[in-house]
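As structure tokens, the structure follows; a few thoughts come after it.
Please read these numbers as outputs of a predicted model, since none were measured by experiment. Chain letters run A, B, ... following the sequence lines, proteins first and then strands; every chain starts at 1.
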2 protein chains.
Amino acid sequence: MASIKDIAKQAGVSISTVSYALNGSTKVTEETAAKIVAIAKELNYVPNAAARSLKKRETNIIGVFLTNYGGAFYGQLLQGIQDTLSSKGYEMIVCSGKESHRFIPERMIDGAIVLDYYFSSAELIRHADAGHKIVVMDRELTHPNINQVLLHNTSGATLAIDYLIEKGHRKIYAITGPEGSYDATQRIEAVRQSVARYSDIEYQELPGDFNKPAGEKAAEQITKNFTTPVAVFCLNDEMAIGMYNYLAKTKYEVGKDIHIIGFDNIELTHYTQPRLATIDYSERKWGAVSAEHLLKLIANEKAENERIYVTLIPGESVGNISSN
Amino acid sequence: MASIKDIAKQAGVSISTVSYALNGSTKVTEETAAKIVAIAKELNYVPNAAARSLKKRETNIIGVFLTNYGGAFYGQLLQGIQDTLSSKGYEMIVCSGKESHRFIPERMIDGAIVLDYYFSSAELIRHADAGHKIVVMDRELTHPNINQVLLHNTSGATLAIDYLIEKGHRKIYAITGPEGSYDATQRIEAVRQSVARYSDIEYQELPGDFNKPAGEKAAEQITKNFTTPVAVFCLNDEMAIGMYNYLAKTKYEVGKDIHIIGFDNIELTHYTQPRLATIDYSERKWGAVSAEHLLKLIANEKAENERIYVTLIPGESVGNISSN
DNA sequence: TTATAACGTGTGATCGTTTTCATCTATAGT
DNA sequence: ACTATAGATGAAAACGATCACACGTTATAA
């Protein structure tokens, strides 16, 4: 409630002197400054964010846009962003939903990190054109005010397929992701290229949407036509878990009849029986790098697009097939 | 970039007329309004949030404060809050970390929902004294500007203990929560009262902190002194999962040697083998109710403190003990 | 001693809105 | 034809901060 004006009055100085004192300017006598600071504390003074950012044209807040809070909510990723930002004096807010997009043009935030399927690229470009700084984590977008920090999806998908092949599998399914998802598109493309290198592979795609029910549905499809053991690359772990759930109610065993590999190494997979093979990456690093790049953009420094490396996590969900 | 002033100039009217037109006031001719709206669209006008909230003294944003983003990140709870808020024209931001607390006195948000262990009650009361509206989900705090929406911890803990007793258990451990946690305190109190009702119960408490490693450590303790089957009430599921992890590496079996019940019904428990018995509640409802209460506080309507009901989810992690 | 710089402080414009109040026009009532 | 009234618009004062600039003082150099 107390404003700079109240402090000025009580200290018997002008508001500019108060402002200088509170901002640690050397222009003010130590003595005066001390008095002002004391009064400010006494009055529980806190600067009004709106007034300050109206004048300074910056808020020191970064917005992170997510599709939703449920499902695989990127805890570690957010922590990575948060740590990096707060070490640079920025605050982070997490938002979701179409309405929250307005924070950008309204100048509520100094920059945006986007991992939101529903945030259209056209809209992002409009914001970038208006001078707003953005880091995208879920698409490719070339613009001077936009930087990309993406996963190495293609090498991840290649690792997965190679693993299956190495284990002797020649009958391979892939469960795709939602239409329009960048990660899904990249992964499936890499899968197609990988399997195309072998002439003896029986390859088939089943539709998916990155959620558990899609995995269940795919499992149903696969078991319906089951003849010999098959390998399945679920383009994310969530769907792999869905398959586990469905298969648990059938006679088919994971790692014996149906061999499964996922992508993301979400926490849940550490508790599956048998352990799900998957593709891993450091969520925390992904977040930290994104934040760094965004801060560079804001500081008008050059930031190169970057990709986060992924590794294979073997698991008993993929067993050996004796090549015959 | 375009401001109300630019629109005014281009439309040949004053800024006040533009403001009225854009806010749908009836004071302006339909014709003029239409022209202004058209120009605003053409210029990609978006009101400046700082300027608006400086003048209006409200932001239409609600802040949700969490201890961190990792671990059990309340996805459904946030969704519940978000849905309720957006139906009333509010936006939600999720924040974490000590620094983010300043959003309240800085008037960045119109109200706060607190589920943050590190947010001290003294600080909350200071903010409430300054007129800010707050809903707490993790403590009891009586203040005209603060409302509580809590879990029915005591009945949950009682359900858990009764379940163990009903199954014939008389040797019972409780793994506590972090010191100062309201939920933990309430639960452990109820446990003590429950076991005190029986003279033949051998009851013991082991320290915990709501994280997996604490569960592992507790499991180590318990197995070290193992003689006869015991029942363990982990004050949250996370620690129960920790126990599972540790026990998996030993000869002791969950549901046979060590009987476990948790609290929270987190998603992970749906995938444990055997299924973990636990205490369930609707996260979504918890969030929705909190949001409703906060909006009432903001509207200066009376809001009663409320508790969310909990139910028992049986599971094979707790087996029968033949009473001898 | 005087010119000048350095220093501390105050004045006032500004950021982009909202909103009260005044002003102006047109219409209606007499 | 003249006033009363309603309706549309504009002028200007906030909101609470920052900051360029101007203004006195005092210390320093010529």
Interatomic spacing from CD1 in A/Ile39 to CG in A/Asp6 - rounded to 0.5 Å: 11.0 Å

A/Met92 side, atom CE; A/Asp83 side, atom CG - distance, nearest 0.5 Å: 9.0 Å

Is there a donor-acceptor pair closer than 3.5 Å between any side-chain N or O of B/His293 and the backbone N or O of B/Glu304? yes

Quick one, which residues of residues 43-59 of chain A touch DNA chain D with a heavy atom under 4.0 Å? A/Tyr45, A/Val46, A/Pro47, A/Asn48, A/Ala51, A/Arg52, A/Leu54, A/Lys55, A/Lys56

On the nucleotide [N], are OP1 or OP2 found under 4.0 Å from the side-chain N or O atoms that [X] carries?
X       : N      : result
A/Ser19 : D/dT18 : yes
A/Thr32 : C/dT9  : yes
B/Thr29 : D/dT9  : yes

Give the rounded distance in Å between these two atoms: [atom1] of [X] and [atom2] of [N].
X        : N      : atom1 : atom2 : value
A/Glu31  : C/dG8  : CD    : C1'   : 12 Å
B/Glu30  : D/dT9  : CD    : P     : 12 Å
A/Arg107 : C/dT17 : CZ    : C1'   : 14 Å
A/Asn23  : D/dC19 : CG    : P     : 7 Å
B/Ile15  : D/dG10 : CD1   : P     : 11 Å

Where along residues 3-14 of chain A does a heavy atom fall under 4.0 Å from DNA chain C? A/Gly12, A/Val13, A/Ser14

Between the side chains of A/Arg107 and A/Ser53, does any donor sit under 3.5 Å from an acceptor? no

Polar pairs (N or O, both sides) under 3.5 Å between protein and nucleotides 20-28 of chain C?
unit_1, atom_1, unit_2, atom_2, d
C/dT20, O4, B/Tyr20, OH, 3.1

Counting any heavy atom closer than 4.0 Å, what does A/Thr26 reach on the DNA or RNA strands: base, sugar-phosphate only, or nothing? sugar-phosphate

A/Trp286 vs A/Tyr281 aromatic rings, parallel, tilted or perpendicular, using cut-offs 30° and 60°? perpendicular

